[in-house]
Trainee: 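Sharing a structure below in structure tokens format, with a few things to ask.
Side chains are part of it too, since the values below use all heavy atoms of this structure and drop only hydrogens, waters and symmetry mates.
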Amino acid sequence: MPTSYQQQHRAGDLHFLKRLNRSAILEQIRRAPGLTRADIATQALLTKATVGAGVQSLLKQGWLREGELQKSNGGRPGRSLYLNDQHYAMLGAEVGVHGLRLVACTLSGELLASHHEHLVPTTPEVTAALLAESLQTLMASPAFAGRHCLGLGIALPGPIDPATPVLRRAPNLGWSDIRFLDLLSPHLPQMTGVWIMDNEAKSAAFGELYFRTGQIPDSLVYVSAGTGIGSGMVEGSHPPLISRGLQGLAGEIGHTILQPGGLYCHCGNRGCAETLVSGWSIRAALGIAEEENLIEAILPRLHEEQVQLTLRRAGEALGTLLLNLHHTQNPSEIVLGGSLVQLGAPLLDPTLAFFKAHQNRLLGTQRQVPLRVIEDSTFIAARGAAAQVLASVIHGPSDLI
């Protein structure tokens, strides 16, 4: 389901206040590893006694570990504090058009184990059964053994209803109104913890911001360029807030119109961005079959004029989308990932050139919005879904902390 961290409580509820303080302590340490108790008290505006009691509880529960003694400017030296990556783990999975991607993560976002299963698009029921089997295999891996699982996050290629855990439509899979968690849960009766389902680009954006430490941008847009084109925007509050829109359509940039009256899109409209830049449109233009690996099929053909022309046009369309996001969302950072990035310079050079040439025309400023390209984003969405599980546990009603 779309992530929600609202809590119901009564004024003066001591248990709630203790939990809120422990959440604040965890967030401080998660964003800035190595803080001492005194640092946390100062930054979180809590008393030293409150921080001391909260830290002691979190150490006992396995959330934190103590590190080295820090130098003091006066009082007793304090020990640095870090997330304990040895006790808990989160599971994340992405259901893609051409495969399943699974990860097990530590509290810091480090991958303990991962698995990529290629498959031909099939029904939601079959996909749920295959995903459950792969998750069971992942949980049986030595790296996962002995850890307490906080829950499972699922990233899906389409808009999720903001009010209910329903995948409204995945045009490139041919799925509509799917309660995927309901299909999955009977196959995993022993799995406890938080269960979350969200759009894959939104999950990826969340993870890219949430697992960041040190200099954290105020906002971030992740653009997923693969079989389809999507994006997700998060703003850096605690936890980050995901832009969703009334029907969950926020970020569906692949279905914005770039060419009125153009080719028909899988969604039913004409001239969508995906008809110009997407895995499926490139396949159609170059005659690459659905069962073939797109990247492996194109790389040996980069010398062909038709391939170069197709990728250049796709790159310019992708650059246009990035510019549109810059003007409509104006994030602090844009991150570009997805399988199409592996096509390299023939696609990315025209993309980045168009964005660079046009991004400052409106304001005339020389300040560049950072645009970061992730060359291998295989597990970005799955890792982001795992991050959403962690955020839900830290900020939700769970008694784990």
Side-chain angles (χ1 to χ4, degrees), residues 3-91 105-110 112 146-151 153 192-196 206-207 209-216 236-241 386-401:
T3 310
S4 175
Y5 308 109
Q6 293 183 352
Q7 302 180 49
Q8 299 296 324
H9 64 91
R10 297 189 301 270
D13 185 331
L14 185 59
H15 176 75
F16 170 78
L17 291 175
K18 287 182 177 179
R19 195 190 183 291
L20 193 64
N21 289 334
R22 292 194 292 267
S23 295
I25 291 168
L26 273 178
E27 274 296 295
Q28 289 285 337
I29 296 169
R30 190 188 63 76
R31 297 195 306 271
L35 293 178
T36 65
R37 290 166 175 81
D39 295 330
I40 296 167
T42 299
Q43 295 180 22
L45 301 178
L46 297 172
T47 67
K48 291 184 178 180
T50 297
V51 172
V55 167
Q56 191 59 35
S57 176
L58 292 168
L59 287 168
K60 184 178 180 180
Q61 292 174 299
W63 282 93
L64 298 178
R65 66 175 178 86
E66 290 186 308
E68 63 281 1
L69 279 171
Q70 297 287 345
K71 293 181 180 179
S72 173
N73 292 325
R76 295 174 55 189
R79 286 198 176 274
S80 55
L81 295 164
Y82 302 90
L83 294 179
N84 180 7
D85 282 338
Q86 304 303 313
H87 185 67
Y88 292 103
M90 303 85 67
L91 294 172
C105 284
T106 69
L107 298 181
S108 300
E110 177 187 353
L112 292 166
R147 294 175 182 270
H148 182 89
C149 182
L150 295 175
T192 58
V194 174
W195 286 55
I196 284 174
F206 188 93
L209 194 65
Y210 194 68
F211 280 138
R212 188 82 63 90
T213 59
Q215 292 296 113
I216 302 173
S237 56
H238 313 305
L241 298 177
Q388 289 176 284
V389 170
L390 177 60
S392 182
V393 172
I394 291 179
H395 299 280
S398 170
D399 286 329
L400 281 172
I401 63 170

Trainee: Can you tell me if Asn84 uses its side chain to pair, donor with acceptor, with the backbone of Arg65 under 3.5 Å?
Mentor: no

Trainee: Does some side-chain heavy atom of Ile394 sit less than 4.5 Å from a side-chain heavy atom of Glu27?
Mentor: yes

Trainee: Parallel under 30°, tilted from 30 to 60°, perpendicular over 60°: which one fits the rings of His148 and Tyr88?
Mentor: perpendicular

Trainee: With a 3.5 Å distance limit and no angle check, can you tell me whether Ser392 reaches the backbone of Gln388 through a side-chain donor-acceptor pair?
Mentor: no

Trainee: So, Thr106 side chain and Ser108 main chain: donor-acceptor pair closer than 3.5 Å or not?
Mentor: yes

Trainee: Is there a donor-acceptor pair under 3.5 Å between the side chain of Arg19 and the backbone N or O of Gly396?
Mentor: yes

Trainee: Mind checking the CG-CZ spacing from Leu64 to Arg30? Nearest 0.5 Å is all I need.
Mentor: 12.5 Å

Trainee: Which atoms form the tightest heavy-atom contact between Ile40 and Leu81, and what is the distance?
Mentor: CD1-CD1, 3.9 Å

Trainee: Would you mind reporting whether Arg147 and Leu112 have side-chain heavy atoms less than 4.5 Å apart?
Mentor: yes

Trainee: Using a 3.5 Å distance criterion without hydrogens, assess whether the side chain of Thr42 forms a donor-acceptor pair with backbone atoms of Ala38.
Mentor: yes

Trainee: With a 4.5 Å limit on heavy-atom distance, are the side chains of Val393 and Trp63 in contact?
Mentor: yes

Trainee: Mind listing the closest non-hydrogen atom pair of Gly207 and Ala387 along with its distance?
Mentor: CA-CB, 3.9 Å

Trainee: Would you name the heavy atoms of Thr50 and Ile25 that are closest together and state the gap between them?
Mentor: O-CD1, 4.4 Å

Trainee: If every non-hydrogen atom of Cys105 is compared with every non-hydrogen atom of Ala386, which pair is closest and at what distance?
Mentor: SG-CB, 4.1 Å

Trainee: Testing Leu26, Ile216, Thr213 one by one against Arg31 for a side chain to side chain contact (heavy atoms under 4.5 Å, CB included), which residue passes?
Mentor: Ile216

Trainee: Any donor-acceptor pair under 3.5 Å linking the side chain of Ser23 with the backbone of His395?
Mentor: no

Trainee: Given side chains that start at C-beta, do those of Leu107 and Leu390 come closer than 4.5 Å, heavy atoms only?
Mentor: yes

Trainee: I need the minimum non-hydrogen distance between Pro240 and Tyr210, along with the two atoms involved.
Mentor: CD-CD1, 3.5 Å

Trainee: Once you round to the nearest 0.5 Å, how far does NE2 of His87 lie from CG of Leu150?
Mentor: 8.5 Å

Trainee: Considering non-hydrogen atoms only, spot the tightest contact between Leu35 and Gln28 and give its length.
Mentor: CD1-O, 3.6 Å

